[in-house]
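Labels below follow one simple rule: chain letters A, B, ... track the order of the sequence lines, proteins then strands, and each chain is numbered from 1. Atoms considered below: every heavy atom in the structure, side chains included; atoms not considered: hydrogens, waters and symmetry mates.
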There are 2 protein chains.
Amino acid sequence: MRLTTDKLADILREHNYKVTPQRRVVVDVLVHSNEHMTPSTIYEKARQKHPRVGLVTVYRTLDILSGLGLICELHTLDNNHSYLMRETDKPHHHLICSECGKVIDFTDCGLGALEKRLSLETGFEIEEHLLEFHGLCCHCQTITAKREKNEKTAT
Amino acid sequence: MRLTTDKLADILREHNYKVTPQRRVVVDVLVHSNEHMTPSTIYEKARQKHPRVGLVTVYRTLDILSGLGLICELHTLDNNHSYLMRETDKPHHHLICSECGKVIDFTDCGLGALEKRLSLETGFEIEEHLLEFHGLCCHCQTITAKREKNEKTAT
DNA sequence: TCACTAACTGAAAACGTTTTTCAATTAGCA
DNA sequence: TGCTAATTGAAAAACGTTTTCAGTTAGTGA
Ligand SMILES: [Zn+2]
Ligand SMILES: [Zn+2]
Ligand SMILES: [Zn+2]
Ligand SMILES: [Zn+2]
């Protein structure tokens, strides 16, 4: 189930955050995207809808939404954070193409047993886990294969 | 099995990298640490052994070692990278205390089956995965519990 | 409806990490 | 030993993110 901008505005108010035009625009950008976006991408899209939005506000809004558990944060290896509105309550994980950055979400990781075992062995109280698979998507596999073939021919 | 500084120097030479005093010092720092260290920590320790080492060289050496798969990179949520010399060929994963930063390594994640399933379902060619558990270590659990008790008493 | 106030705003500066640039130095090899 | 491509550190640039601060405003309640 996908939340609307209005519904999210209500949630913000419920938690005593003011619903300013700027916040509404940032939320709107997130609601209408199916891809994980970096803060600066969100900033650019937000400016197209409403020129008076600052990058700072994007960061601050992301902080709030993240604190409320409404968005998922993606941690790619090249030190870029991306965000996507959550659709379900289930925690989900990512399969990321290291070539083109394409992201596929999946939910069932089956790590419950491992989590329990580690908790017992180490005494840790485990709160969450981060799981990402990295590799090449279909498309990039073909491209890479082609390039390697060409390089071989050239040599 | 743990590699020595000399053995690592050989590996570098095998891959056509020159073994300079600076690189040797950086490698030495890594070899003699049991904890994941950030580039700037490595830099400080390296300077104690050999004042003429620059932070840039630390970054460059880490890049090389990483490319050769000799060190493991730790990606904490607060955007700090840390590095540790690898001891085995097995990929290993991390259990991180979100309070004090303590890291425990573990090896068996049992994600092979999931990896195979995802690969089939999505057509991805999966190269690696990143798995981190986050939570509170024994010590920090006690501290947090105490603090919460005190706060309750104060109110 | 209006006035009040705490919350919010953007610009600019500060921040910490990482990368690039470049002239000087040096490891490895013949 | 002398050559050369690789490597070096200082400095500057680049980058994503946070802080600061004076001005603005959403929401509240009279
Ligand atoms: Zn996601
Ligand atoms: Zn791809
Ligand atoms: Zn490790
Ligand atoms: Zn701890």
Side-chain angles (χ1 to χ4, degrees), chain A residues 5-6 8-29 36-68 71 73-83 101, chain B residues 5-6 8-29 36-68 71 73-83 101:
Chain A
T5 307
D6 283 341
L8 282 158
D10 287 344
I11 295 178
L12 286 177
R13 266 186 289 257
E14 269 168 34
H15 289 86
N16 295 320
Y17 293 110
K18 292 186 178 176
V19 177
T20 63
Q22 290 92 336
R23 275 188 190 160
R24 185 170 263 278
V25 168
V26 172
V27 167
D28 206 56
V29 168
H36 295 73
M37 294 175 289
T38 62
S40 61
T41 305
I42 297 168
Y43 172 59
E44 281 163 29
K45 296 207 177 192
R47 293 196 90 166
Q48 287 167 18
K49 300 195 185 202
H50 186 314
R52 292 187 48 198
V53 176
L55 181 55
V56 197
T57 297
V58 173
Y59 276 102
R60 287 192 276 230
T61 308
L62 288 172
D63 262 0
I64 294 173
L65 295 174
S66 176
L68 296 175
I71 49 176
E73 188 175 325
L74 173 58
H75 248 259
T76 50
L77 293 174
D78 56 347
N79 216 16
N80 265 340
H81 294 167
S82 306
Y83 299 84
Chain B
T5 307
D6 283 340
L8 282 157
D10 288 344
I11 296 178
L12 286 177
R13 264 186 290 257
E14 270 168 34
H15 289 85
N16 297 321
Y17 293 111
K18 292 185 179 175
V19 177
T20 62
Q22 291 92 337
R23 275 189 190 158
R24 185 171 265 278
V25 167
V26 171
V27 167
D28 206 56
V29 166
H36 294 73
M37 294 174 290
T38 62
S40 60
T41 305
I42 297 169
Y43 172 58
E44 282 164 28
K45 295 207 178 193
R47 292 196 89 169
Q48 287 167 19
K49 301 195 185 203
H50 186 314
R52 291 189 48 201
V53 176
L55 181 55
V56 197
T57 298
V58 172
Y59 276 102
R60 287 192 277 229
T61 309
L62 288 172
D63 261 359
I64 294 173
L65 295 174
S66 176
L68 296 175
I71 49 177
E73 189 174 324
L74 173 57
H75 248 260
T76 51
L77 292 174
D78 57 348
N79 217 17
N80 265 341
H81 295 167
S82 305
Y83 300 84

Least distance between heavy atoms, B:G54 atom then B:Y43 atom: C-CE1, 3.6 Å
Residues B:R60, B:D63: salt bridge by 4.0 Å N-O rule: no
Closest non-hydrogen atom pair between A:H36 and A:S82, with its separation: CB-CB, 3.6 Å
DNA chain D: 5'-proximal contact among B:N16 and B:Y43 (nearest heavy atom): B:N16
Per-nucleotide protein contact string for nucleotides 23-30 of chain D, where B marks a base within reach and S marks sugar-phosphate only (heavy atoms under 4.0 Å, - for neither): --BBS---
Protein-nucleotide distance (A:L62, atom CG; C:dC8, atom P), rounded to Å: 15 Å
B:R24 CZ - C:dA27 P separation (whole Å): 12 Å
Minimum-distance pair of heavy atoms, taken over all atoms of B:A46 and B:V53: CB-CG1, 4.3 Å
pair B:L62-B:V58: side-chain heavy atoms closer than 4.5 Å: yes
Rounded interatomic separation in angstrom, taking NE2 from A:H15 and P from C:dA7: 16 Å
Contact summary for A:R23 and A:K18, nearest pair of heavy atoms: NH1-O, 2.9 Å
Set of side-chain hydrogen bond (donor to acceptor under 3.5 Å, both in side chains) partners for A:T41, sequence neighbours left out: A:T38
Nearest heavy atoms of A:R24 and A:A9, plus distance in Å: NH2-CB, 3.7 Å
Heavy-atom protein contacts under 4.0 Å, nucleotides 17-23 of chain C, coded B base, S sugar-phosphate only, - none: SBBB---
